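Being a predicted model, the structure only gives us computed values, none of them experimental.
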Amino acid sequence: MKVQGPRNHPARALAVLLGLAVIACGGGKPQQPLATPVGAVDDARLRAAADEPANWLTHGGGYAEQRYSRLDRVNAENVARLGLAWSFDTGTRRGLEATPIIVDGMLYTTGSWSKVYALDARTGSLRWTWNPEVAASVGALACCDVVNRGVAVYGGRVYVGVLDGRLAALDAATGELVWEVQTTDPERPYTITGAPRVVKGKVIIGNGGAEYGVRGYVSAYDARSGKLAWRFYTVPGDPAHRFESPALERAAETWKGGEWWKVGGGGTVWDSLAYDPELDLLYVGTGNGSPWNKFVRSPGGGDNLYLASILALRPDSGELVWHFQTTPGDAFDYTATQHMILADLEIDGAIRKVLMQAPKNGFFYVLDRETGEFLSGDAYVEVTWAKGLDPQTGRPIPNPEADYRRESRTIYPSTLGGHNWQPMSFNPKTGLVYIPAQEIPAVFGMDPDWRYRPGEWNTAVDMTLTVELPRELVSGHLLAWDPRKRREAWRVEHASAWNGGTLTTAGNLVFQGTSSGRFAAYRADSGMPLWDSPAGTGVIAAPVTYAIGGIQYVAIMAGWGGAFALVGGDAGASLGVGRGGQLLVFRLDGTAALPDPPPPRPTRPADEAPLRVDASNEMIALGEALFSKNCMVCHGAGAVAPGVLPDLRHSTREVHENFAVIVLQGAREGQAMPSFAGRLTAAEVSAVQAYILDLAAQEFAPLSK
Ligand code: CA
């Protein structure tokens, strides 16, 4: 089965060339009236979303992204009665990361490969679905699974960012395509996984790809027409050309030596956005440097603005008002794209308008969101890359032990962060922030053979070092953090890392799913466990809550996947893996049953001896190096990505006999395994196969005959 790839769409390519953003879509209904009854969300409703707890109108539950609901019909006294009301099968085993949007009885969500689903929020019956038909080859450019974090609903339309860089507007009633626009250069390895937000009639969308070599930016499109309104680049381009903004002229002074623009520079805006309507400031979290290795990217030093930063922009123009950089001169993939929460907190006797973030680098920040002033920052997990933060400026105090130029170093947190994209939540009643926190170290070392290779993994860090991490060093917990007392209030230890985002409610509850396949509720004030249910699979997404006809529902996308599940290898093995991805919706006294799991994947029969490895140690070592750069990001460290992709150590004889055909000729593109022709030679593919067979022989030695 061959999927029509958007990259080959001649009309789109032409429009990109001509600077024409909008594609007229065959079968779509361009320019239909905005104010249809279905999905009739306007600016006033978005600004006051917290006043409509029966709905979940925008990604973070409101522009402040607190993920707090005033609903209390389900509460600490009765949550033990929670049961499944209905479920919906997305038919995928890849990661589910979406936050559903609920508008007036309809639930809009996304699955893997940017597919959109509209369901009756009370019954779960499917109203419509939209498949953007992303080409399998795009999957090889998605560092962290072919995931999507959800839609925005506005003016009768549903907006979704598509993995291949498109932004699409669908009719909220029918799912018909109204317009779509290519927001990225299809020749560069950009992907979109984040949820759009709509601010004052503009759809705000960023993108990812900094592991492969791209330049980050955030764009605003007119919600009605799809026309580009503005674009803010987060890092300077080639200094030989004019910089796009005064903000980038200032930023360019902080990049020294190197030719970062050839790789891209990074700073991608792949997830977090928030908005303060009173201050009229749009907050944008930016990602890591590209390549990760700053000694290659900017060998003369410098902070490399605006990497790993929080930016405050004017939503009408994209003009930069202030910035705060969490990790100057980032060398560790320390994105500040993590979820940002806006709240008003009493600090030193005064009410301050704050922005809170727990970025990957392990410090919990409280900023004044009007000015960007640093108010406090404290380690919320183990931190070894810095010795602490300057109490006045928040600037990290470097730890010389973290310099990995001469020898490799074990660093906390890892590239997966003390906290990743999994949203945290804030409860104004308890004053606590609920963080899906984790302890994972990473080993950093120079990749001595690195040179920029277009479209490939371009971190300039030796990825083979990660394989050797012992599983015992990896853990995860639900962390209740007090942002005023600047310390932990309580924690719940989980079975492993990479647990789900959180939701907190006026019912004194915190909800969270876990990597071990549970969905649970805790007392928000104390962390006391109150309820839990099997989820059938590891959970990474964040739950939402809504009400219809006086009944409160709690909904969660349950589908194991994402970066850690893919790359984490043995340490990423999830106890809850087994079922495909489901939307699970709970209510008090619900009695529905979890659906049956799908049939297991074909694996090598236990009595079938693995193919013999007839390869030199040098060839196997070459295969390991090639695997770590080309395959590991999806197939996992040690070729283990259990539950998400097939465990390559279990590959059947049929797979091995067709190995080169699969890897170089795209024989399994229909199952989303892209062709690596042009990236790997036949000899290199043989080396990769030798490495996998060697792993299989080690793992299953007792079975060999
Ligand atoms: Ca990254």
*Asks:* Measuring from atom CH2 of W421 to atom CZ of R149, what distance do you get when rounded to the nearest 0.5 angstrom?
*Replies:* 6.5 Å
*Asks:* Going by atom types alone, do Y221 and R231 pair a side-chain donor with an acceptor below 3.5 Å?
*Replies:* yes
*Asks:* We want to know whether D303 and T254 form a side-chain donor-acceptor pair, criterion being a heavy-atom distance below 3.5 angstrom.
*Replies:* no
*Asks:* Sort out for me which residue in W450, Y452, Y212 forms a side chain to side chain donor-acceptor pair (under 3.5 Å) with N458.
*Replies:* W450
*Asks:* Please round to the nearest 0.5 Å and tell me the distance separating atom CZ of F676 and atom OG of S137.
*Replies:* 10.5 Å
*Asks:* Assess the side chains of N288 and T335: does a donor N or O sit below 3.5 Å from an acceptor N or O?
*Replies:* no
*Asks:* Between Q438 and N420, is any side-chain donor less than 3.5 angstrom from a side-chain acceptor?
*Replies:* no
*Asks:* Rounded to the nearest 0.5 Å, how far does CZ of R67 lie from CE of M424?
*Replies:* 10.5 Å
*Asks:* Can V151 and T110 be said to form a side-chain contact (heavy atoms from CB on, under 4.5 Å), step by step?
*Replies:* CA-CA 7 Å; V151 300; T110 59; 3.5 Å; yes
*Asks:* In terms of the angle between their ring planes, are Y380 and H419 parallel, tilted or perpendicular, with boundaries placed at 30° and 60°?
*Replies:* perpendicular
*Asks:* Is any side-chain N of the basic residue among R297 and E259 closer than 4.0 Å to the acidic one's carboxylate O?
*Replies:* no
*Asks:* Side chains of T184 and Q182: is there a donor and an acceptor less than 3.5 Å apart?
*Replies:* yes
*Asks:* Between Y275 and D280, do the side chains contain a donor N or O and an acceptor N or O under 3.5 Å apart?
*Replies:* yes
*Asks:* Write down the atom of W457, the atom of C143, and the distance for their closest heavy-atom approach.
*Replies:* CZ3-CB, 4.0 Å
*Asks:* When rounded to the nearest 0.5 angstrom, what is the spacing between CG in N207 and CZ in R215?
*Replies:* 11.5 Å
*Asks:* Compute whether any side-chain donor of one residue and acceptor of the other, for E211 and W292, lie under 3.5 angstrom apart.
*Replies:* yes
*Asks:* Checking side-chain contact (heavy atoms from CB on, under 4.5 Å) for the pair I540/L96: CA distance, chi angles, key distance, verdict?
*Replies:* CA-CA 7 Å; I540 50 178; L96 297 180; 5.8 Å; no
*Asks:* Quick one: do T415 and F332 satisfy side-chain contact (heavy atoms from CB on, under 4.5 Å)? Show the steps, please.
*Replies:* CA-CA 6 Å; T415 57; F332 309 104; 5.8 Å; no
*Asks:* Atom CG of N630 and atom NE2 of H635: how far apart are they, to the nearest 0.5 Å?
*Replies:* 11.0 Å
*Asks:* Measure up the F363 and Y365 rings against each other and bin them: parallel (under 30°), tilted (30 to 60°), perpendicular (over 60°).
*Replies:* perpendicular
*Asks:* Testing the basics here: between T183 and G165, what is the closest heavy-atom pair and its distance to 0.1 Å?
*Replies:* OG1-O, 2.7 Å
*Asks:* Identify the heavy atoms of G372 and F324 that sit nearest to each other, and give their distance.
*Replies:* O-CD1, 4.0 Å
*Asks:* Considering non-hydrogen atoms only, spot the tightest contact between I205 and G194 and give its length.
*Replies:* CD1-O, 3.9 Å
